[in-house]
Number of protein chains: 2
Amino acid sequence: MTSTHDQIILVTCTLLEKQGYPATGLNEIVKESGAPKGSLYYYFPDGKEQIVSEAVLFSGKILVERLQTELAKHSDPIQAIYEYIMRLAGKVEEMQFAAGNPLTIVAIEAAGSSERISQACREVYSQLQAAFQEKMVSAGMAVSEADERARLTLASLEGGILLSRVYRTADPLRALAGHLRDTLQNSNPPQTESAERHP
Amino acid sequence: MTSTHDQIILVTCTLLEKQGYPATGLNEIVKESGAPKGSLYYYFPDGKEQIVSEAVLFSGKILVERLQTELAKHSDPIQAIYEYIMRLAGKVEEMQFAAGNPLTIVAIEAAGSSERISQACREVYSQLQAAFQEKMVSAGMAVSEADERARLTLASLEGGILLSRVYRTADPLRALAGHLRDTLQNSNPPQTESAERHP
DNA sequence: GTCTATACGGTGATAGAC
DNA sequence: GTCTATCACCGTATAGAC
């Protein structure tokens, strides 16, 4: 039982993920959502830009929450990230290589056209990066180093999603998961009595 | 002095990079290229799909050649990749965060709609990956390992381009370059009599 | 090979009845 | 809050003269 407003946002998310921003029409959203067309501009007076921005933020919120939940399952951030990406790979396969959120595709399209949408995408990306970073910091990594590692994780993750989509295989994501696990080491781990390091 | 055909392809490349596939109109291509509209369907009887496919392949060819040229400048593949990405970062800044080729954005959009365009993108990606891989193999890395490393390089590179575009900063690309240089090591380096190094 | 005119559907958006 | 009708414009694609 979802409201008309929420139903519009929901269906917009899936259409965006499949087709992107310019290719997704308002008529299509109306038709797929079953919402009355008259309601569209009632709930979203700023039109398409507003609908898409809200859809990005909405799906981003879910995405960040899910990421945090997954990361919390392992105390070791590297293992947690590995598991997260492997799980994502499975999900991408299930969904036939639409990752289940409109972020990647909308971000790249809207960057040159709509500042409002672009801003929404940046916000979500920043939250995702922060989630990775906090996880690493909580395990004893220095903040600046965690920042760099989180950036790389995010960048390669987005690239992996892109390649998985184009090749219609989750292999790039799985390969990425393994590589990050091997290379995402802490160069300044917390000091312990037994295993001290002297750089 | 370029032919009408080539001029159409050329301007299509830049429009695609800026706006993507659905957002780029045939009328716009005609207008920007200065080509006569009548010529469009004379040179490209299959319409938009054909124009875009050819544009992707054309820009891909240039991209691969440029990559190979850059990689050839350093004997060490890791250093070569580092320099390449750093140079790309500069270029992305100059071009105001349009990377100068339509691949990243078109690939992700067309994945779900046009198989013909999707195929063109896959072809270019495979060539790019092969260029990275061959460079690593030529420096003594095992083929299977070079394959994995090349995949990761490509994936994170695409993600870096995406983030640079969204944030309107080349920082993600530069951070990526540094990280890859630190982590893209050969786990099975070629054996030499002494510890030789070629500066 | 090029040009003009045009077909026909879809687009985002609005107005006004209910 | 919802619905219908309608707007002006844009999209791709084609036809036929030159």
Side-chain angles (χ1 to χ4, degrees), chain A residues 1-56 102 105-106 109-120, chain B residues 1-56 102 105-106 109-110 112-118 120:
Chain A
M1 224 250 77
T2 51
S3 70
T4 299
H5 172 281
D6 292 356
Q7 187 60 26
I8 289 173
I9 292 293
L10 234 51
V11 79
T12 300
C13 287
T14 76
L15 288 174
L16 286 176
E17 167 60 26
K18 247 195 334 201
Q19 309 161 339
Y21 172 46
T24 297
L26 257 33
N27 294 334
E28 202 179 359
I29 293 175
V30 167
K31 193 169 131 196
E32 290 286 319
S33 68
K37 173 147 194 183
S39 308
L40 224 164
Y41 281 88
Y42 172 80
Y43 289 113
F44 307 93
D46 290 350
K48 192 178 182 180
E49 249 196 325
Q50 184 181 2
I51 298 179
V52 173
S53 298
E54 289 195 21
V56 166
I105 183 165
V106 171
E109 286 174 326
S113 51
S114 163
E115 179 52 34
R116 179 171 184 173
I117 297 173
S118 216
Q119 172 61 29
Chain B
M1 224 248 76
T2 51
S3 70
T4 300
H5 172 280
D6 292 357
Q7 187 60 27
I8 289 173
I9 293 294
L10 234 52
V11 78
T12 301
C13 286
T14 76
L15 287 174
L16 285 176
E17 168 60 24
K18 241 190 347 198
Q19 308 161 339
Y21 172 45
T24 297
L26 258 32
N27 294 333
E28 202 178 1
I29 294 174
V30 167
K31 193 167 132 198
E32 291 285 318
S33 68
K37 175 148 192 184
S39 307
L40 224 163
Y41 281 88
Y42 172 79
Y43 289 113
F44 307 94
D46 290 351
K48 192 179 184 180
E49 249 197 324
Q50 185 182 1
I51 298 179
V52 173
S53 298
E54 289 194 21
V56 165
I105 182 165
V106 171
E109 286 173 327
S113 50
S114 163
E115 179 51 33
R116 180 173 184 172
I117 297 173
S118 216

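Within every chain, numbering begins at 1; the chains are lettered A, B, ... in the order of the sequence lines, protein sequences first and strands thereafter.
- Taking CD1 of B:Ile51 as the start and CG of B:Leu16 as the end, the distance is 9.5 Å to the nearest 0.5 Å.
- Distance CG (B:Leu40) to C1' (C:dT4): 15 Å, rounded to an integer number of Å.
- In this entry the distance linking CD1 of B:Ile29 with P of D:dG11 reads 10 Å, nearest Å.
- A donor-acceptor pair is defined here as one N or O able to donate and one able to accept, closer than 3.5 Å; no such pair exists between the side chain of B:Ser114 and the backbone of B:Ala110.
- OP1 or OP2 of C:dT2 sits under 4.0 Å from a side-chain N or O of B:Ser39.
- Taking 4.5 Å as the limit, some side-chain heavy atom of A:Phe44 sits within range of a side-chain heavy atom of A:His5.
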Which atom pairs link the protein and nucleotides 11-18 of chain C when you take only N or O atoms and keep those under 3.5 Å?
residue	atom	partner	partner atom	Å
C:dT11	OP2	A:Asn27	ND2	3.1
C:dG12	OP1	A:Thr24	O	3.4
C:dG12	OP1	A:Leu26	N	3.3
C:dG12	OP1	A:Lys48	NZ	3.1
C:dG12	OP2	A:Leu26	N	2.6
C:dA13	OP2	A:Tyr41	OH	2.7
C:dA13	OP2	A:Lys48	N	3.1
C:dA13	O5'	A:Tyr41	OH	3.0
C:dA13	N6	A:Lys37	NZ	3.1

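- Looking at every heavy atom in both residues, A:Cys13 comes nearest to A:Pro102 through O-CB, 3.8 Å.
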Output a table of donor-acceptor pairs, distance under 3.5 Å, between side-chain atoms of residues 21-33 of chain B and any protein atom two or more places apart or on a different chain; print 'none' if there are none.
residue	atom	partner	partner atom	Å
B:Thr24	OG1	B:Leu15	O	3.4
B:Thr24	OG1	B:Gln19	OE1	3.2
B:Thr24	OG1	B:Gly20	O	2.7
B:Asn27	OD1	B:Lys37	NZ	2.8
B:Glu28	OE2	B:Gln19	NE2	2.9
B:Ser33	OG	B:Ile29	O	2.8
B:Ser33	OG	B:Val30	O	3.2
B:Ser33	OG	B:Ala35	N	3.1

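- The interatomic distance linking B:His5 (NE2) with C:dT2 (C1') rounds to 16 Å, in whole Å.
- The minimum heavy-atom distance linking A:Ile105 with B:Glu109 is given by the pair CD1-CA, 4.0 Å.
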